[in-house]
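Only this structure's heavy atoms are used, side chains among them; waters, hydrogens and symmetry mates stay out.
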Amino acid sequence: MEILSKILIGIVALEHLYILYMEMFAWETLGKKTFKGSLKDELFKPTKSLAANQGLYNGFLSAGLIWSLLISNEIWEKNVSLFFLGCVIVAGIYGAITASKKIFFVQALPAILALVVLLLK
């Protein structure tokens, strides 16, 4: 369970690094492709700085999850992992409610799975 927990947390962290990249550096290309139908094409250019800000926050989530994988103290490792996975879950649920239901499955569900495995280990 320990290894599975770390793998799932790592996957969630990598996913948020990808989101950081998309929102900060590829909003008008990859972002447009990813959010096709959620935003009109002409809105990507004027919302570029807003997306970059969101990307930065996703980077913080990723950094926290990566940090949790590097902590040697078991209690701190678990608490930091729980906090950042919880943040990802809340963000994913909020995104599903306000933007696209797909966000729940792409963002929140992997974090929920990681959280369940973390609690079972």
Side-chain angles (χ1 to χ4, degrees):
M1 280 294 207
E2 176 77 25
I3 292 171
L4 180 59
S5 175
K6 288 184 182 286
I7 289 170
L8 292 174
I9 290 169
I11 289 170
V12 174
L14 288 173
E15 177 184 22
H16 283 272
L17 281 177
Y18 172 78
I19 295 169
L20 172 146
Y21 168 75
M22 176 186 58
E23 291 178 343
M24 291 188 82
F25 305 108
W27 182 242
E28 294 180 74
T29 55
L30 192 53
K32 192 180 285 189
K33 191 172 161 184
T34 302
F35 289 98
K36 186 177 178 99
S38 295
L39 273 177
K40 294 178 183 175
D41 284 353
E42 62 269 9
L43 291 177
F44 282 88
K45 189 171 185 73
T47 60
K48 188 175 179 177
S49 63
L50 295 172
N53 191 357
Q54 287 179 181
L56 184 62
Y57 286 103
N58 279 288
F60 291 142
L61 293 174
S62 182
L65 291 169
I66 293 167
W67 171 42
S68 77
L69 295 173
L70 302 173
I71 298 171
S72 59
N73 180 290
E74 241 179 85
I75 294 169
W76 270 102
E77 175 193 356
K78 186 173 185 177
N79 288 336
V80 171
S81 297
L82 288 171
F83 174 77
F84 283 99
L85 288 171
C87 290
V88 170
I89 292 165
V90 170
I93 291 170
Y94 185 79
I97 292 168
T98 61
S100 168
K101 290 182 185 8
K102 178 182 170 186
I103 293 172
F104 176 81
F105 298 101
V106 173
Q107 187 175 342
L109 191 57
I112 291 168
L113 292 173
L115 181 83
V116 167
V117 171
L118 176 66
L119 292 173
L120 291 175
K121 75 172 192 170

Give, for atom [atom1] of [X] and atom [atom2] of [Y], the distance between the pair rounded to the nearest 0.5 Å.
| X | Y | atom1 | atom2 | answer |
| --- | --- | --- | --- | --- |
| L85 | L113 | CG | CG | 10.5 Å |
| L8 | I3 | CG | CD1 | 12.0 Å |
| E28 | T47 | CD | OG1 | 8.0 Å |
| N79 | I71 | CG | CD1 | 9.0 Å |
| N53 | K48 | CG | NZ | 14.5 Å |
| T98 | I93 | OG1 | CD1 | 11.5 Å |

Tell me whether T34 contacts the main-chain N or O of L30 through its side chain, where contact means a donor paired with an acceptor under 3.5 Å.
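It does hold such a pair.
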Is a donor on one side and an acceptor on the other found under 3.5 Å between the side chain of N58 and the backbone of Q54?
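Side chain of N58 to backbone of Q54: a pair is present.
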Should the pair E74-K78 be classified as a salt bridge under the 4.0 Å nitrogen-to-oxygen rule?
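No, E74 and K78 are not salt-bridged.
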Under a 4.5 Å side-chain heavy-atom rule over Ile, Leu, Val, Met, Phe, Trp and Tyr, are [X] and [Y] clustered together?
| X | Y | result |
| --- | --- | --- |
| I97 | F105 | yes |
| L61 | L56 | no |
| L82 | V12 | yes |
| V117 | L109 | yes |
| I7 | L17 | no |

Other residues, nucleotides and ligands only: do more than 12 of their heavy atoms fall within 6.0 Å of [atom1] on [X]?
| X | atom1 | value |
| --- | --- | --- |
| K102 | NZ | no |
| I75 | CD1 | no |
| K6 | NZ | yes |
| L70 | CG | yes |

Any non-hydrogen side-chain atom of [X] less than 4.5 Å from a side-chain atom of [Y]?
| X | Y | result |
| --- | --- | --- |
| S62 | L20 | no |
| L14 | I11 | no |
| E15 | I19 | yes |
| V88 | F84 | no |

Considering all heavy atoms, the nearest [X]-[Y] contact:
| X | Y | value |
| --- | --- | --- |
| L65 | I9 | O-CG2, 3.9 Å |
| G92 | I103 | O-CG2, 3.6 Å |
| A111 | I89 | CB-CG1, 3.6 Å |
| A52 | M24 | O-CG, 3.3 Å |

Pairs involving residues 52-77, ordered by first then second residue, that meet ring-ring contact (aromatic ring centres under 6.0 Å, His included) (sequence neighbours left out)
none
Within residues 20-42 or reaching into it, pairs that qualify as ring-ring contact (aromatic ring centres under 6.0 Å, His included) - sequence neighbours excluded
W27-F35, W27-F44
K33/M22 under side chain to side chain contact (heavy atoms under 4.5 Å, CB included): CA gap, chis, key distance, verdict
CA-CA 10 Å; K33 191 172 161 184; M22 176 186 58; over 6 Å; no
